Amino acid sequence: MGDNPDFREHGDEIPGIAGGVIGRVNDLSYEEKRERLEDLAPEELAEIEAEDEEDEHDLPDLPNAAEPSSASPDSQAHQDADEYDEIRMRVAPNPNGPWHVGHARMPAVIGTYKERYDGWFCVRFDDTDPETKRPDLEAYDAILEDLDYLGFEPDATYKASDRLETYYEHARELIDLGGAYTCSCSGEEFSELKNSGEPCPHREKDVETVREEFEAMVDGEYDSGEMVLRVKTDIEHKNPALRDWVGFRMIDTPHPREEASEYRCWPMLDFQSGVDDHLLEISHIIRGIDLQDSAKRQQFVYDYFGWDYPEVVHWGHVQIDAYDVKMSTSTIAELIEDGELDGWDDPRAPTLKSLRRRGIRGEAIVEAMAGLGTSTSDVDLAMSSIYANNRDLIDEETDRRFFVREGNQLPISGDPPAEANPPLHPNHEERGVREIPVSDSVMLEPEDVPEADERIWLKGLGCFRYAEGALEYTDDDIDVVREGEVDVVHWAPASESVAVRMRTPDGDVRGHAEPGVGDLASDEMVQFERVGFARIDRHDDEEEETVVYYAHP
RNA sequence: GCUCCGUUGGUGUAGUCCGGCCAAUCAUUUCGGCCUUUCGAGCCGAUGACCUGGGUUCAAAUCCCAGACGGAGCACCA
């Protein structure tokens, strides 16, 4: 129609014609379609099948990165000179608490790239603010544990607070290159000058003075706020965010790590991180958009030193649906402090420790996070996506059980079997059956109690009619279920059941499970039929109940 | 106010650099069917999107301009 506009008026007829053809093609089996295509267009078929063999990646290619797997000798010869031989990345957390779900994006993406490119990554704790972002000593290990839960092991681990002398050395060098100056302006004063593109009087100090004053900073001779070391950039740069930024400042509060507690002169993130990224030979920096100006700021330092800046990928913020609690380390810490949450692994907390306790595998989170890609716009991650991944991972190996939430007790009449024996897993009969005594009354969920005179099928047991406040066994054949006359529900015996407290993101639910649940080991997963998957946490003898954590439908 | 960046179904994503094979991918969600002593499982199917307005072009999700909306930075936080 592009070539022949006259055809346009007949455009409406196309779906009718094409639809018929497509319908006929769709009726063919895969083999028939493949055969037909081989006759009509063998080269197209080859192309399609070649594409199928290519690896499907959730994530886009990294800039200037060579895929090791696809590198044939021929393409190796044509390899772009700009391409990196080794992909080296870093996960650079601030150790101020265990990780929330959003934090998983960094290792998920970096770890996935590492596997894809056969690369390298380290964890580097950027703990250079002992005061406002004061590190939590327990967080270092907590974060490494969270990383292990997600299924990744860093190739190396560093702490910036171990590396102060290195930063000082580079600061001295930068001063000698004329790239930095000590400044005693107040933040307010400097901000005003900066916003109008005016240099402050300290900018033109001679190198000797700057060196002396910087050594005094290192020796702790100034108090907090008295003196900073600024990187000399371009005071008239059109982006005010880049003008002469602070590289080092004084902090009176000692660092919580004993090894670093004597230092008073601390580098800012942009200086520390910029130097470390070069020294660790990082090829690709992957981080949030809140740091999108960092590369431009650090570029000035790299220019002074004659270094090449790594490739950078920025992404937007992640939000997770399904939680009432704000996903922020400090907010969660406060709620725990106030007793609103039981701890970092409370099922209501949007933390990795919580998901772990609910029996969700790290792999399910990693896949969902990698699926978000690396777009710079803010994204919402649906928990259902993590749940779907986890279901795929555990469904086959997870046995089925009955659990009745807030059940009503109903007496049984008639002559049903004394014991019900539903399979542990409907797809795996070889695993055997459960043994559920029926006794003289059963628990049903309030919503499952039938109307008077209506029938209901107790799964694994048989059909009952609800009459005069009791369930009367009818001996109906399963056909009544097949024909859609009778609904199937789960149930539990009233007397020999196990009291269960199920902890969920929306609060605790109590109820009764079939007796076998009392014998399950801690950490085992179950699927409570028609309720969802849960992890056995513990059998609490004092409360005489089994505590389980709800995972997902 | 100054400076960056972004906008594809309910959600996420592919495609945008290099316009045509996009009648737009995949996943999830929702809905429907099938199967199964009957699963919130599995299988099959359906619904559903290119922010708006101009422009360039035979042809625009893709290029250009303007606007709307959203995000980020302008800290002695990370």
Side-chain angles (χ1 to χ4, degrees), chain A residues 1-5 11 14-15 18 22 44 56-60 92-96 126-129 131-135 183 185-187 190-191 194-195 224-230 237-243 245-251 266 268-270 272-273 287-294 296-297 314 316-318 321 367-373 375-389 391-392 395-396 398 400 420-423 425-427 457-463 477-479 481-482 486-488 490 527-533 552-553:
Chain A
M1 279 187 244
D3 291 333
N4 296 289
I14 293 177
I22 289 166
E44 298 250 343
E56 289 277 330
H57 294 307
D58 273 338
L59 291 168
N94 172 25
N96 63 346
D126 285 350
D127 55 349
T128 55
D129 181 356
E131 200 165 78
T132 42
K133 294 245 164 141
R134 188 170 176 79
C183 169
C185 292
S186 72
F190 187 84
S191 178
K194 182 198 68 179
N195 286 338
S224 170
E226 271 190 283
M227 188 68 81
V228 297
L229 183 76
R230 289 187 184 279
H237 198 286
K238 64 173 183 169
N239 186 348
L242 311 186
R243 297 172 189 165
W245 45 275
V246 172
F248 287 78
R249 83 295 207 191
M250 305 301 300
I251 295 178
W266 286 89
M268 299 290 289
L269 175 81
D270 280 322
Q272 173 264 123
S273 169
R287 62 185 167 203
I289 41 168
D290 44 335
L291 265 24
Q292 65 188 338
D293 286 336
S294 273
K296 293 170 194 158
R297 273 197 281 260
H314 286 119
H317 298 284
V318 203
D321 64 357
E367 280 174 19
M369 285 292 176
L372 294 181
S375 110
T376 53
S377 43
D378 289 355
V379 296
D380 290 322
L381 174 65
M383 278 306 288
S384 60
S385 156
I386 293 179
Y387 296 158
N389 290 337
R391 203 153 41 225
D392 274 351
D395 182 50
E396 279 302 305
T398 304
R400 272 54 172 164
N421 297 112
H425 195 297
N427 300 350
W457 187 282
L458 300 193
K459 195 168 175 182
L461 182 59
C463 189
D477 191 79
I478 187 67
D479 284 343
V481 171
R482 292 206 179 102
V486 176
D487 290 333
V488 177
H490 61 286
Q527 188 202 99
F528 291 131
E529 296 195 49
R530 303 214 308 142
V531 175
F533 291 86
H552 51 72

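Here is how names work: the chains are called A, B, and so on, in the same order as the sequence lines, proteins then strands, and each is numbered from 1. Given the structure is predicted, the values throughout are model-derived calculations rather than measurements.
Annotation: the span from A:N389 atom CG to A:H552 atom NE2 amounts to 9.5 Å, rounded to 0.5 Å. Taking CZ of A:F190 as the reference point, atom CG of A:N195 lies at 9.5 Å (rounded to 0.5 Å). Note: A:C185 SG to A:M227 CE = 10.0 Å, rounded to the nearest 0.5 Å. Interatomic distance, A:R134 CZ to A:I251 CD1, rounded to the nearest 0.5 Å: 10.5 Å. Once rounded to the nearest 0.5 Å, the distance linking CZ of A:R297 with CG of A:L269 reads 9.0 Å. Atoms CG and CD, from A:D395 and A:Q527 in turn, are 6.5 Å apart once rounded to the nearest 0.5 Å.
Taking the nucleotide of RNA chain B with the nearest heavy atom to each of A:A382 and A:G462, the more 5' of the two is matched to A:A382. Between A:V379 and A:A388, the residue whose closest nucleotide on RNA chain B is further toward the 5' end is A:V379.
Following rounding to the nearest Å, A:R243 (CZ) and B:G1 (C1') show an atom-to-atom distance of 12 Å. In this entry the distance linking CG of A:D380 with P of B:U8 reads 12 Å, nearest Å. Rounded to an integer number of Å, the gap from A:Y387 OH to B:G12 C1' is 16 Å. B:G12 atom P lies 9 Å from atom CG of A:L372, rounded to whole Å.
The side chain of A:P553 has B:G40 as its nearest neighbour among B:G12, B:G40, B:A41.
Distances shorter than 4.0 Å separate none of the side-chain N or O atoms of A:R400 from OP1 or OP2 on B:A41.
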For nucleotides 68-78 of chain B, just jot down a letter per nucleotide in 5' to 3' order: B, S or -, based on protein non-hydrogen atoms under 4.0 Å. ---BBBBSBBB
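Across the P atoms, B:A49 and B:C26 are found 16 Å apart, a figure rounded to whole Å. For the C1' atom pair drawn from B:A24 and B:A61, the interatomic distance equals 8 Å after rounding to whole Å.
With hydrogens and angles ignored, the 3.5 Å screen pairs no side-chain donor or acceptor of A:H317 with any backbone N or O of A:I289. A donor-acceptor pair under 3.5 Å is formed between the side chain of A:R391 and the backbone N or O of A:P553.
Contacts of A:R391 with the nucleic acid, taken as non-hydrogen atoms under 4.0 Å apart, involve only primed sugar atoms and P, OP1 or OP2. Base engagement by A:N427 is indicated by at least one non-hydrogen atom pair under 4.0 Å involving a base atom.
For RNA chain B, each stem of at least three Watson-Crick or G-U pairs (distances under 3.5 Å) is given as range with range: B:1-7 with B:68-74, B:10-12 with B:26-28, B:30-34 with B:42-46, B:51-55 with B:63-67.
Put simply, the side chain of A:R530 and the base of B:C39 share no donor and acceptor less than 3.5 Å apart.
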